[in-house]
Participant: 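Sharing a structure, written as structure tokens. Questions coming.
Counting starts at 1 for both ligands and their atoms, following the listed order. One is the number of the first residue; the rest follow in order along the sequence.
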Amino acid sequence: MKSAAPVSAAAVLPGAPFVAYRDGRLTLEDVPLHELAQAHGTPLFVYSRAAMLAALAAYQRGLAGRDALICYALKANSTLAVLRVFADAGCGFDIVSGGELERVLVAGGAPGKIVFSGIGKTRDEIRRALDVGIRCFNVESLAELDVLSEVAQACGQTARISIRVNPNVDARTHPYISTGLKGNKFGIAHEQALAAYRHAARLPGLQVVGIDCHIGSQITEVAPYLEAMERVLDLVAAIEATGIAIHHIDLGGGLGIDYAGETPPAADALWPALLARLDARGYGDRALMIEPGRSLVGNAGVCLTEVLYLKPGEQKNFCIVDAAMNDLPRPALYEAFHRIVPLRLAAPDAAAVTYDVVGPVCESGDWIGRDRALAVQPGEHLAVLSAGAYCMSMASNYNTRPRAAEVLVDGREARVVRQREAVQDLWRGETA
Ligand SMILES: *Cc1c(COP(=O)(O)O)cnc(C)c1O
């Protein structure tokens, strides 16, 4: 039996350690991606189980020897098969809606490892979360504390709570994904946090168990985390001085990934730095929780797309593909950058042309990459890299476009884990 060609270091793509060219064909783990595009059509999301587990392992190494729970923030990618990978690996989950709660339960996640974040939890969502016995509510306002107390009493339950504090730290990331500054809608201001804890401790039906913060997403430096932790520990000291015990400290998620050459710290470098500070301040014995999303899945996924048309223009050349902003919303939302590479490596003498890679949706904001040098022809396929996080979970049906199919790769195996939506699915529940 012929074994797979060895992957030379040079063939591995930056930011995507499980994506490589072998014999000129792009592969994810040991699966040639053009075969998946042919078998299942495009646009098609493909995820690597090994890449997800490798990303998780970096956190596990960084937190080794600690009482720590890694809660995967599933809004990054809430596909059941992805949740199953993390549930099987022992992860907890950070949810932000009742829908996400049901997804975790269906995928086999343990209710006792779920934390519930978000500023707008409804009474129904709270009731359901209490019924299944989630580990903790991350509370984001005084009004929510009151409602939680009321609902918990009505159900004869006790809600374990942590207050999400806003440490007023600049995560130095895109304004839409920065959440820890004073002007943000999230959390309770640092200055009001102590009063909020006092209020919570007096309310029936609530049990204070922790403190949390989450300062933003796609963070590429250690410093904002250190600053946030110092601020949170200042509060822990003040809160405990009033006799309220803080059992766990949850430092949120937000670690960035390499989309375009960014160099975020690896999880197993970030955490030792944070833990050293935690120990130095005398809080090394506390239980820890973290809520990573993007950094666990972002570079584990690619989106395959077919080139439909090449459209040369006076100012711009357009490469029109069958994936669009409804499948890959990040460029339209944040002007985000995704690497785009061909599934078949171009011949060395093929002339590359500079294109804007755009989708078919009727919006000028529907672009996937700008000014990309590509040597491609209609009918050939491209891979949009770093498409594992905040792509499929944000996908929509705009322009009545069915959502893409998804495949999970494990070694040489590839399994369809979400069928392509049928057009008829799109008007289910509608009346003409
Ligand atoms: C989105 C979110 C996360 C995960 O953020 P990433 O940048 O994907 O790691 C964690 N915690 C909360 C409260 C969130 O809203």
Participant: Walk me through whether Y259 and R294 qualify under side chain to side chain donor-acceptor pair (under 3.5 Å).
Facilitator: CA-CA 11 Å; Y259 284 105; R294 185 192 312 272; 2.7 Å; yes
Participant: Name the residues with a heavy atom less than 4.0 Å from ligand 1?
Facilitator: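 Its neighbours under 4.0 Å (heavy atoms only) are A73, K75, D94, S117, R164, H214, S217, G253, G254, E291, P292, G293, R294, Y390, given by chain and number.
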Participant: Quick one: does E125's side chain have a donor or acceptor within less than 3.5 Å of a partner on G98's backbone?
Facilitator: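 Present.
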Participant: Any side-chain donor paired with an acceptor under 3.5 Å for N77 and S393?
Facilitator: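 No.
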Participant: Tell me if a side-chain donor or acceptor on D279 pairs with a main-chain N or O of A276 at a distance below 3.5 Å.
Facilitator: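 Looks like no, no N/O pair under 3.5 Å.
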Participant: Assess whether side chain to side chain donor-acceptor pair (under 3.5 Å) is satisfied between H199 and D146, documenting all intermediate values.
Facilitator: CA-CA 9 Å; H199 183 60; D146 295 333; 2.8 Å; yes
Participant: Would you give me the side-chain donor-acceptor pairs under 3.5 Å for residues 237-246, sequence neighbours excluded?
Facilitator:
unit_1, atom_1, unit_2, atom_2, d
E240, OE1, R286, NH1, 3.3
E240, OE1, R286, NH2, 3.2
E240, OE2, I246, N, 2.8
E240, OE2, R286, NH1, 2.8
T242, OG1, I239, O, 2.6

